[in-house]
Amino acid sequence: MDMPANWQQAIASIDVAKVEQAVADYGPALQVVRDTWDKETLAEIADGKLFVSDEMMNDAIAKSIADAGDAAPVKGLTLQSLASGRLKVTADTRKVGSVELTGTIEDFVHDGDTSYMKFRVREKNIPQHGLMSWVFSRISLSMAERMVGHLDMPENLPVKIKGNTLLVDYSGVLAASRFGQTEVRGHRLLDMVEIKSATPKEGGILFETRLHVPDDVKDALLSIVKSSS
């Protein structure tokens, strides 16, 4: 079922300390949910609008570059969401120096087993397809992490480039993640969160979301999100 409008009030009123004992038997699910969401994030997802700041995404990208070490083709990579609805990408590459481009997020979707980002570069041709595949793999996962938790970067994330359009399929890495492997009462967390679109705004990206929660899991899910304190 879809999240009723009054669930924002229900989420805000949760006394986590009081209910933790009652849901302790959920074990791994308890830890995954607590590590992934706080009450504010869950309330925003339920409300259908989740804003993720450029700072948060850039922090995730920086960690991914650090983890890759000298194997990373870039020394730095930053995103800047523009009020025009475009996303500016600046990469400090090891071979050709600074590369800068802007474009639009044509699609950013997660629905069950389908998860992908479609990005169209504007005003210039895509430079170095291999480099752009690496760059946009990191971008797509950094965008998703606020909703699904940390995602480990595989060696080869499927990326298709046609003309000035990149299609990044991150469904496999999401399915293999802690979030993707976790169930509550037989229901996958993967199926409870839907991402319908992503639109750059000044300072960050606004995601259009939907929360699908079965009746038998509703109270348990709300009870195990961590408090805002």
Side-chain angles (χ1 to χ4, degrees), residues 50-110 114-177 179-180 195 197-208:
L50 177 67
F51 185 78
V52 180
S53 69
D54 290 343
E55 180 180 9
M56 182 173 291
M57 291 182 289
N58 286 328
D59 284 347
I61 291 171
K63 185 179 185 306
S64 177
I65 293 173
D67 289 344
D70 292 339
V74 305
K75 293 182 286 185
L77 174 62
T78 58
L79 307 179
Q80 182 183 0
S81 302
L82 306 176
S84 64
R86 294 193 178 189
L87 184 66
K88 180 179 178 181
V89 180
T90 304
D92 179 12
T93 74
R94 297 185 186 277
K95 290 186 176 181
V96 297
S98 181
V99 174
E100 183 178 292
L101 56 86
T102 61
T104 51
I105 301 171
E106 303 290 287
D107 294 299
F108 195 95
V109 171
H110 166 66
T114 301
S115 311
Y116 65 90
M117 178 181 74
K118 185 177 180 182
F119 186 88
R120 183 177 179 185
V121 176
R122 303 285 182 170
E123 299 173 355
K124 67 186 298 183
N125 292 327
I126 294 177
Q128 299 187 35
H129 284 198
L131 172 63
M132 289 298 101
S133 293
W134 195 96
V135 165
F136 279 90
S137 294
R138 270 71 187 171
I139 290 174
S140 63
L141 296 193
S142 75
M143 290 170 60
E145 283 192 350
R146 176 75 184 276
M147 284 155 282
V148 299
H150 176 70
L151 297 172
D152 291 323
M153 175 60 64
E155 289 189 12
N156 294 299
L157 192 65
V159 180
K160 295 181 180 179
I161 300 178
K162 184 176 182 180
N164 270 14
T165 301
L166 300 98
L167 182 68
V168 182
D169 182 351
Y170 65 97
S171 56
V173 66
L174 179 51
S177 70
F179 186 90
I195 307 172
S197 66
T199 305
K201 304 286 185 180
E202 186 172 359
I205 296 178
L206 183 65
F207 292 86
E208 184 181 1

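Side chains included, hydrogens not; waters and symmetry mates left out as well; all remaining heavy atoms used. Keep in mind it's a predicted model, so treat the numbers as computed, not measured.
- No donor-acceptor pair under 3.5 Å is formed between the side chain of Q80 and the backbone N or O of D54.
- For the pair D107/L167, no side-chain contact is recorded, criterion being any heavy-atom separation below 4.5 Å from C-beta on.
- Electrostatic pairing of E106 and R122 counts as a salt bridge here, judged by a charged N lying under 4.0 Å from a carboxylate O.
- Taking CG of L82 as the reference point, atom OG1 of T102 lies at 7.5 Å (rounded to 0.5 Å).
- Side-chain contact between L151 and L174 is present, with heavy atoms from C-beta onward closer than 4.5 Å.
- I139 CD1 to L77 CG: the interatomic distance, rounded to the nearest 0.5 Å, is 5.0 Å.
- R146 places a side-chain N or O within 3.5 Å of a backbone atom of F51 that can act as its donor or acceptor partner.
- Residue R120 holds its CZ atom at 9.5 Å from CZ of R86, rounded to the nearest 0.5 Å.
- Looking only at distances, no side-chain donor or acceptor of S81 sits under 3.5 Å from a matching main-chain atom of P200.
- A pairwise comparison of heavy atoms in I65 and K75 identifies CG2-O, 4.3 Å as the closest pair.
- The CE atom of M57 sits 6.5 Å away from atom CE of M143, with the distance rounded to the nearest 0.5 Å.
- Looking at heavy atoms from C-beta onward, M147 lies out of side-chain contact with F179 at the 4.5 angstrom threshold.
- More than 12 non-hydrogen atoms from other residues, nucleotides or ligands lie less than 6.0 angstrom from CD of E208.
- Note that NZ of K63 is 8.5 Å distant from CD of E145, once rounded to the nearest 0.5 Å.
- The two residues S137 and S133 make their nearest non-hydrogen contact at OG-O, 2.7 Å.
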- [ ] Under the side chain to side chain contact (heavy atoms under 4.5 Å, CB included) rule, what do I205 and I105 come out as? Steps first, then yes or no, please.
- [x] CA-CA 10 Å; I205 296 178; I105 301 171; 4.0 Å; yes
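- Looking at heavy atoms from C-beta onward, V74 lies in side-chain contact with T93 at the 4.5 angstrom threshold.
- Taken to the nearest 0.5 Å, the CG atom of D67 stands 10.0 Å off from the CE atom of M153.
- Across every non-hydrogen atom of G69 and R94, the tightest pair is O-NH2, 3.5 Å.
- Within the 6.0 Å centre-distance limit, the rings of Y170 and F108 are counted as a close aromatic pair.
- Between A72 and W134, the shortest heavy-atom contact is CB-CZ2, 3.6 Å.
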- [ ] Go through V109 and I195 one step at a time and tell me if the side chain to side chain contact (heavy atoms under 4.5 Å, CB included) criterion holds.
- [x] CA-CA 5 Å; V109 171; I195 307 172; over 6 Å; no
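- In this structure, L157 and S140 have side chains that are in contact, with non-hydrogen atoms separated by less than 4.5 Å.
- Contact of the L206 side chain with the L50 side chain is not registered, since no non-hydrogen atoms from C-beta on lie closer than 4.5 Å.
- Checking side-chain atoms of D169 against main-chain N and O of Y116 turns up no donor-acceptor pair under 3.5 Å.
- Residues G85 and T104 share a closest heavy-atom pair of O-CG2, 4.3 Å.
- Under the 4.5 Å side-chain criterion, counting only non-hydrogen atoms from C-beta, M132 is not in contact with V121.
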